[in-house]
Student: 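One structure is given below, represented as C-alpha cells, and several questions about it will come after.
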Amino acid sequence: MEIASKYDPQNIEEKWYQYWIEKHLFESSPNNKEPFTIVIPPPNVTGVLHMGHMLNNTIQDVLVRRARMRGYNAVWVPGTDHASIATEAKVVAMLKEKGIDKRSLSREEFLKYAWEWKEKYGGIILKQLRKLGASCDWERTKFTMDPEMSEAVTKVFVDLYNKGKIYRGVRMVNWDPKALTAVSDEEVIYHEVQSKLYYVRYKIEGTENEYVTIATTRPETILGDTAICMHPDDERYKHLRGKRAIVPLVNRSIPLIFDEYVDREFGTGALKITPAHDINDYNLGIKYKLDTINIFNDNGTLNESAQFLVGVDRFEARKQIIPLLEAAGNMVKIEDYTNKVGYSERTNEVIEPKLSLQWFCDMASLAKPALDVVMDDEIKFYPEKFKNTYAHWMENVKDWCISRQLWWGHRIPAYHLPNREFVVAESKEAAYKLATEKYPELNLTMDDLKQDEDVMDTWFSSWLWPISVFDGIRNPDNKEVNYYYPAAVLVTAPDIIFFWVARMIMAGLEWRKSIPFRHVYFTGTVRDKQGRKMSKQLGNSPDPIMLMDKYGADGVRLGMLLCSPAGNDLLFDESLCEQGRNFNNKIWNAFRLVKGWEIDENGAQPSHAATAVRWFNARLNDALAEINDHFEKYRLSDALMAIYKLIWDDFCSWFLELVKPPFQKPIDGKTYSEIIDIFEKLMLVLHPFMPFITEELWHNLRERGEGESIMTATMPEADSRRETELIERFANTQKVIENIRRIRAEKNIPQKNAISLSVLKSSADADSEMDAVISRLCNVEAINYVNEKPESAVSFIEMNTEYFVPFVQSAEEKEKELVKLNADLAYAQKFLESVKRKLANEKFVNGAPEQVVAIERKKQADAEEKIRILNEQIARLK
RNA sequence: GGGAGCUUAGCUCAGUUGGUUUAGAGCAUCUGCCUUACAAGCAGAGGGUCAUAGGUUCGACUCCUAUAGCUCCCACCA
C-alpha cells in the first residue's frame, strides 16, 4: 500500500463530517445515561465566523466530544441570535443600497425584507462551524426569533410585568442617534478622546459688565441651558446668590443655583446645567425643578428649540457655535482637554443622553439569589477571578432598560388603549379580554388596542437561552428540559459576563428555580501577536475559513488551543496552525511506518520490544491521569500539550524507534498487535482535540463495522495502579542513551558503526532489560560490566555510575573535555557547599521535617560521589 | 477616582499547601545530519540575579509590604 508522505486534510475532513451527520452521531435524546449539556452562545444570525468563535467553539467541541466518549449522553445545542440592533442596521444598510429608505416602509414591509435577508444570509456561521468539526446536534438548531422561542420571551415579559418587576417610565437613557434607539448601560463603551474645554461667560442679569464663566466640553448644548450651578461654599460666587444669568445667543434668563455636587477645583467652579442632555444635569434639574429644553432631534441634529443652527448635526454645531459665541463676546478661552466619551457598542456612534419613555426591568430582586449561587460556588467560574467582577456588578446592579426603538426583535406585549392606559398580555386577544374587564365603560373593540411600537433588548431573549432551547419556559415540566437542564458548562467570553452570564443565572433561578449551568469557562480574547484585539478595522484578523483550508481544521484547532490558557488572552499567530499541521503530519507518518511493516505472526517478541510495550503502557497511564487532572481544572492547553508530548516524544521518538523491526525485516505479531492497541488508544485520547485525523486513522488501524466511529468509542481512563519504578528506570536509561548520542555526535561516530559500552559497575547490578533497550537504540553491540576503567575511552556519569565509550581522543579533544569536566566539578562543589551549609545549620536540621533533611543528606552523598568520580576522570585525562 | 489581575528563557506559558527546583515546557535560535515513517523531519546544544527594593522564615519563584510597568473591569467631574 502506497500512502502519501504528507497528510492532506481536505478530503478526509469533509468525508468524516459527512459521515458523522449521516450516521446521526451528533444527535441526542433523553435516555438513562447521565446528560452532559452545552448550549452554544448563539452567534449573530448574520455574523461570519471570526477567531473568537473559533476559539470558543473549539473548546466547546473538545468538551462535548470528550464527555460523549466518557459515556455521557452529550448534547451540544446550536443556534443563532437575532441580534436586534446589529441585524436591523445591516438590513437598513442593505435597503439603502437598493435605494430604499427605511422610513418609507411600514413595519410589516420592513420585517418582510429583514426576514428575507435572514433566510438568505442567516446561518452562514453555522455552516462554517461544520468545517471546524463542531459536533452540534443540528436537529436542535434554534433561532431566538423562532415562534416558540418568541412565545417564551413574551411569556416571561408578561410574567415579570405581573410580578411588578417591569415598569414603564420617562428616564434619562443612552440614546444611539445612528440606530435611533435607546441602549442599556452595558452597551455603552467609554473611550478617552482628545477634546477641548471651552470657557464661556454668561452675563449676570441686570448688570452691565458682570459675568460668570463656566467650562464645558459641549458648547452646543448652551442653547438648552436652564441654570448655572456653583458650590454653596465657594467664596468666589457667594455674592451671586439669588441672581440670574443670561444664556448667550438665545438670551434666556436662567437661575443661578448652588449645590455641593459641583467640584470647585474643576474649570471655574461654575457649571452650566442642561437637564435634557446630561444625566447629572438631569438629576439636578429634578432637584431644583428646572426647565428641560430638549434641543436635539433623535438623529442628533439640532431642533427648533435650539433657535440657532437648527438642522445642523451636533458635532458640526459644536464647531459652528464657536464663532457665534466669539462674535457675541462670550468666549473666554479654549483649552485642550482629555475626557471620556460613551460610544454605542453596536454602531460606534457617540451616545447622547436623552430623556425618553422606556420600559425597565427591576434588577435588584433578581440579582440577589444570582449573586449567592456564584459566591457559594454552586456555579463555579473558571478562572475564579471573575467572581470578583461578577460580585461587584451584582451588588451595584441598576435597572435594565429593555425597550429598543427598533422593529427587528420581540415586540413588547403591551397594548395601549384610547384612555392612555395600557394592558400587558401574551396576545392581542388576551389583552383585549383584560382591557374590557378592566375598562368596561370604554366599550373597546380589538382595533382600539395598539401594540407598543418598541421591541425588547436582544439580551431579553438570550437570557432564557439555556431554558428556552428545551422549551422549558412554555412547558416547564417537559421531558427534555427536565433531562438536559442545567447545562454542564457554559463556554463564553468574559466581556459578556453582565450582558448574558449574569442574566441567564437570574433567569434560571427565576423560572426554573435552579442554576442554568454548573461551570462557566471564560475564554480569553484572541489578539494578534502585538497584543492588539482582532478587529475588522485593523485588518489583523485572519479569516478562519482560509486558515482551515490551508492547515486543516485539526491543525487550526490545535493552533488555537496551544495558546489558550484559561482566562488569559491569547496572542494568536498563524505559525501555531503550522505547528498543528506539523503534528498532523507527524501522526500521519507514524501511521505510515506502522502500516508499512510486514508481519510475522509466529515471530518471537524481542525483549526490548516487550519492555517498550510495558513501559509505554505505564507512561500512557500516567499521562491519562495528568490529562484528566488538567481537564478537571479546565486547563485545556495543558491537557493538549500532555497529549502532544506523549505522542511526539514518547510514542514516536522512543516507543516506535524501539519496537521498529530491523530494516526490511518483519515485525512479530505480538508486538504488532500491541502497537495497534496503543496507537488506537492515542487516537481516542486525541480525538476531542483533533477529530478528523483521529477518525481517519482509527478506521485505518483496524477493520471497523458499518456506522462505527471513534466518536462513540470509549475514552481510555487512567488506572490507579502506577508503575513508577519502571518509568524511573526507563527515564534513567533514556539519559544514558542521550549521553551516548551526544558522544556519537561530538566524536562523529556514525550511528551505523556499532560500538561497545563499558559500565563501571558489578554485573550483579546489571539491568539486562534496559541494556537491551540501550543496545537497540544506540547500536551498541556489547555492554560490559567492568571493575577497571578502560583505557582510551570517553566517559560520562549517570546516576553516579560511570560509562565508557571506547574512543581514542586527540590531545585537543582531551583539553576540551577537561574544560568541561572542570566546569562540572566546580558546579558540583558549589552545590555540595550549599547543601553542607544547610545541614550545618542547626535550626534547619531541627526545624525542617525529617523527610526534607533526609533529602538534603542524600543530595550531599550524591554530590560527594559525583565529585569523586569527576576527580578521577580529570586525573585520568591528565 | 475605585477594584481585580499580571510581571519567570527571544516569544507564549507551567511551577499545586514555602523544602527532591542554583527553576520546567512548547515554539523560536544555534550545531550536525536528506540515517528508506516524517526536512511539515532526526540527533544534540545554548539560553533565566523568577519586574525592583525591603521584610517574615532554618529555608522564598512561592507568604507580607512598598515601588515601577502592563492588562482588564467599574464609576455621572462638566
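Computed from a prediction, not measured in an experiment: that's the story for all the values here. Convention: sequence-line order gives letters A, B, ...; per-chain numbering from 1. Any value given below was found using the heavy atoms of this structure, including those in side chains, with hydrogens, waters and symmetry copies removed.
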Student: May I ask you to decide whether A/E657 forms a salt bridge with A/K660, counting only side-chain N to carboxylate O separations under 4.0 Å?
Tutor: yes

Student: Once you round it to whole Å, what is the distance between C1' of B/rG18 and CZ of A/F844?
Tutor: 13 Å

Student: Are A/D650 and A/R619 ion-paired here, with the side-chain N under 4.0 Å from a carboxylate O?
Tutor: yes

Student: Give the rounded distance in Å between these two atoms: CG of A/L571 and C1' of B/rC6.
Tutor: 13 Å

Student: For B/rU52, what is the paired nucleotide under Watson-Crick or G-U wobble rules, both distances under 3.5 Å?
Tutor: B/rA66

Student: So which nucleotide from B/rA40, B/rA37, B/rC73 ends up closest to the side chain of A/N589?
Tutor: B/rA37

Student: Is the phosphate of B/rC42, meaning OP1 or OP2, less than 4.0 Å from a side-chain N or O of A/K586?
Tutor: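 Result: yes.
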
Student: Of the listed nucleotides (B/rU16, B/rC74, B/rC38), which one gets closest to any side-chain atom of A/K633?
Tutor: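 Closest nucleotide to the A/K633 side chain: B/rU16.
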
Student: Suppose we define a pair by two distances each less than 3.5 Å, Watson-Crick or G-U wobble; what does B/rC27 pair with here?
Tutor: B/rG10

Student: Can you find a side chain N or O atom of A/R742 that sits less than 4.0 Å from OP1 or OP2 on B/rG44?
Tutor: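 No.
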
Student: Between A/E626 and A/K645, is there a salt bridge with N-O shorter than 4.0 Å?
Tutor: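 No, A/K645 and A/E626 are not salt-bridged.
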
Student: Could you tell me the separation between the NE2 atom of A/H630 and the P atom of B/rG26, rounded to a whole number of Å?
Tutor: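 Taking NE2 of A/H630 and P of B/rG26, I get 14 Å after rounding.
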
Student: Nearest to the A/F266 side chain among B/rC42, B/rC77, B/rU16, which nucleotide is it?
Tutor: B/rC77

Student: Return the nucleotide paired to B/rU57: Watson-Crick means purine N1 to pyrimidine N3 with N6-O4 or O6-N4, wobble means G-U with N1-O2 and O6-N3, both under 3.5 Å.
Tutor: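 Its partner is none (no Watson-Crick or G-U wobble pair with both distances under 3.5 Å).
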
Student: Could you work out the separation of B/rU29 and B/rU71 based on their P atoms and round it to a whole Å?
Tutor: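 Those two atoms are separated by 29 Å.
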
Student: For a quick check of understanding: with a heavy-atom distance under 4.0 Å over all strands, which category does A/D263 fall into, base, sugar-phosphate or nothing?
Tutor: base

Student: Can you see which heavy atom on A/Q751 is nearest to which on A/L777, and at what distance?
Tutor: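 What the structure gives for the nearest pair is NE2-O, 3.4 Å.
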
Student: Could you state the atom-to-atom distance from CD of A/Q579 to P of B/rC13 in whole Å?
Tutor: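 So the CD-P distance, A/Q579 to B/rC13, works out to 14 Å.
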
Student: Kindly say if A/Y337 contacts the phosphate of B/rA78, meaning a side-chain N or O under 4.0 Å from OP1 or OP2.
Tutor: yes

